[in-house]
There are 2 protein chains.
Amino acid sequence: MRRIAPDRDGLLAMIGEIFREHGYEGASLALIGAATGLGKGSLYHFFPGGKEEMAGAVIAHIDGWFEDNVFAPLRDRADPLTGIEQMLDATDSYFRSGRRVCLIGAFALDESRDLFADQIGSYFGRWVVHLAGALERSGHRAGEAGELAEEAVAAIQGALTLARAANDLDVFSRALRRLRMRLGLRAKV
Amino acid sequence: MRRIAPDRDGLLAMIGEIFREHGYEGASLALIGAATGLGKGSLYHFFPGGKEEMAGAVIAHIDGWFEDNVFAPLRDRADPLTGIEQMLDATDSYFRSGRRVCLIGAFALDESRDLFADQIGSYFGRWVVHLAGALERSGHRAGEAGELAEEAVAAIQGALTLARAANDLDVFSRALRRLRMRLGLRAKV
DNA sequence: CCGAAATTGTACCGATTGGTACAATGAGTC
DNA sequence: GACTCATTGTACCAATCGGTACAATTTCGG
């Protein structure tokens, strides 16, 4: 049986927060070391590829979380609206109602995109595709479902940007509430 | 009469592209020097405050462009729909149909936000407020206009992120086309 | 308890970071 | 031509960057 390094999930989560807050360039090994309590020796032991491998692993980690908690419900739920509801709840919880920012979205903006273009493209691409699938099964025509899905994912990203720019979390909750209705769910209790 | 440094606008534009592509941390003085053809001597002559002053001036420069080409039409046009149309055209042209990314939006995401929080907040805040005003004058109820304006600005930011993530400019044009209809304009020719 | 492997701390590397100092040059004014 | 002030190139600074080397230590199965 493969022995997993102790709490690799927790490690990736901590490193992820540094990348999330400081960006790829801004996340120095000193910051990462301070946040994790690990010296360079340990960090390069777990990630021989250095900073780039760390960032790639963090992206994969986040991607896995979304695969399980967002994409899978959209794809597998018998009732597509239930899947969509689950996506919105998971999204709200992941981004801590707007307190957190989307690391993968942030990476998409600057030059670090080039290093992780495939992972970034796949993450957003699958989000849109699976949401479009659920929308189609919930009664939308194919083309319309695709556009609506793209609009919804973009709305989430934009709301995160705006919420942080305005330093106002309500921006994000308002966006999610609008999405809920727009995607065919009744207003939340 | 005040003697303006030769082509300060052009200088800020060049520096702005570096910040846009590499982010605040990633934009090194070496890159900025290479892009502008200026050595440190000149750069620190024009911006004694160093990198931070450069970024601040770049933000102000962009803000001024939006004030003239986006906010002013929204505020001053007699026909609000003409103003909105002008906003969308200016936006499409500024972001080069999605080839360019929003520097201010990118700054909002990482820690560099703290340095420029006021400028960033004002930029997006005024965008939303003036768009909301135009929407209200075009017949929307006040609250609804505010939400729609917020939704529209977020949609633009999100579309820029998504377009770059997918490396597909059509994502941005589709978003603008949807906005056009959603904000009360007839489909474009 | 032993040996092997996983893990860690520390010292070190060359390169680059943002920033400063300053002398040389530029151009325009009297 | 002399004076002034804007502009520039160069040398330099301490600090930090990402990364490497490696010996010391832990950990753990046998």
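Just so it is clear: chains get the letters A, B, ... in the order the sequence lines come, proteins before strands, and each one is counted from 1. Please read these numbers as outputs of a predicted model, since none were measured by experiment.
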Asks: Please encode protein proximity along nucleotides 20-25 of chain C as a string of B, S and -, counting only heavy-atom distances under 4.0 Å.
Replies: B-----
Asks: Between the side chains of B/Arg174 and A/Glu151, is the shortest nitrogen-to-carboxylate-oxygen separation below 4.0 Å, so that they form an ion pair?
Replies: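 Not counted as a salt bridge, because no side-chain N and carboxylate O are separated by less than 4.0 Å.
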Asks: Taking only Lys NZ, Arg NE, NH1 and NH2, and the carboxylate oxygens of Asp or Glu, determine whether B/Arg186 and B/Glu85 approach each other closer than 4.0 Å.
Replies: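 A salt bridge is absent here (no side-chain N lies under 4.0 Å from a carboxylate O).
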Asks: By a strict heavy-atom criterion of less than 4.0 Å, which residues belonging to residues 17-32 of chain A are in contact with DNA chain D?
Replies: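 Heavy-atom cutoff 4.0 Å gives A/Ala27, A/Ser28, A/Leu29, A/Ala30.
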Asks: Cluster question for you: counting only ILVMFWY and a side-chain heavy-atom cut-off of under 4.5 Å, with indirect links fine, are B/Val101 and A/Ile104 together?
Replies: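 As far as the 4.5 Å side-chain criterion goes, A/Ile104 and B/Val101 are not connected within one cluster.
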Asks: Is the shortest distance from a Lys or Arg side-chain nitrogen in B/Glu67 or B/Arg75 to a carboxylate oxygen in the other one below 4.0 Å?
Replies: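 Salt bridge between B/Glu67 and B/Arg75, a charged N being under 4.0 Å from a carboxylate O: yes.
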Asks: Over its full length, what angle do the end axes of the helix from C/dC1-D/dG30 to C/dC30-D/dG1 make, each axis taken from five pairs and the result rounded to 10 degrees?
Replies: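 Between the axes fitted at each end of the helix from C/dC1-D/dG30 to C/dC30-D/dG1 lies an angle of 10°.
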Asks: Calculate the interatomic distance between A/Glu53 atom CD and D/dG19 atom C1'; express it in whole Å.
Replies: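 After rounding, the reported distance stands at 13 Å.
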Asks: Rounded off to whole Å, could you give me the CG-to-C1' distance for the A/Leu38 and C/dG9 pair?
Replies: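 For the pair A/Leu38 CG and C/dG9 C1', the rounded distance is 11 Å.
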Asks: Is there a donor-acceptor pair under 3.5 Å between the side chain of B/Ser122 and the backbone N or O of B/Asp118?
Replies: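 Judged by distance alone, no pair lies under 3.5 Å.
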Asks: Take atom NZ of A/Lys51 and atom P of D/dT16, then tell me their distance rounded to the nearest Å.
Replies: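 Interatomic distance, NZ of A/Lys51 to P of D/dT16: 15 Å.
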Asks: Do B/Leu135 and B/Val129 share a hydrophobic cluster, counting only Ile, Leu, Val, Met, Phe, Trp and Tyr and linking them when any side-chain heavy atoms are less than 4.5 Å apart?
Replies: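 Cluster IDs for B/Leu135 and B/Val129 differ.
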Asks: Rounded to the nearest 0.5 Å, what's the gap from CZ on A/Phe107 to CD on A/Gln119? Could you check?
Replies: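 Result: 10.0 Å between the selected atoms.
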Asks: OP1, OP2 of D/dA6 versus side-chain N and O of B/His45: anything below 4.0 Å?
Replies: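 So the side-chain polar atoms of B/His45 never come under 4.0 Å of the phosphate oxygens OP1 or OP2 of D/dA6.
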Asks: Identify whether B/Leu169 and B/Leu176 are in the same connected component of the hydrophobic contact network (ILVMFWY, side-chain heavy atoms under 4.5 Å).
Replies: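 Different hydrophobic clusters.
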Asks: Check each of B/Trp65, B/Phe116, B/Phe66 against B/Tyr123 using the ring-ring contact (aromatic ring centres under 6.0 Å, His included) test, and report the only one that passes.
Replies: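 Only one of B/Trp65, B/Phe116, B/Phe66 forms a ring-ring contact (aromatic ring centres under 6.0 Å, His included) with B/Tyr123, namely B/Phe66.
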Asks: Does a salt bridge link B/Asp110 with A/Arg164, judged by any charged N lying under 4.0 Å from a carboxylate O?
Replies: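 Salt bridge flag = no for A/Arg164 with B/Asp110.
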Asks: Just the rounded figure in Å: distance from P of D/dC17 to CG of A/Leu43.
Replies: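 Going from A/Leu43 (CG) to D/dC17 (P), I get 13 Å.
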Asks: Can you name the nearest heavy-atom pair linking B/His130 to B/Phe71, along with the distance?
Replies: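 Of all heavy-atom pairs spanning B/His130 and B/Phe71, the closest is ND1-CB, 3.5 Å.
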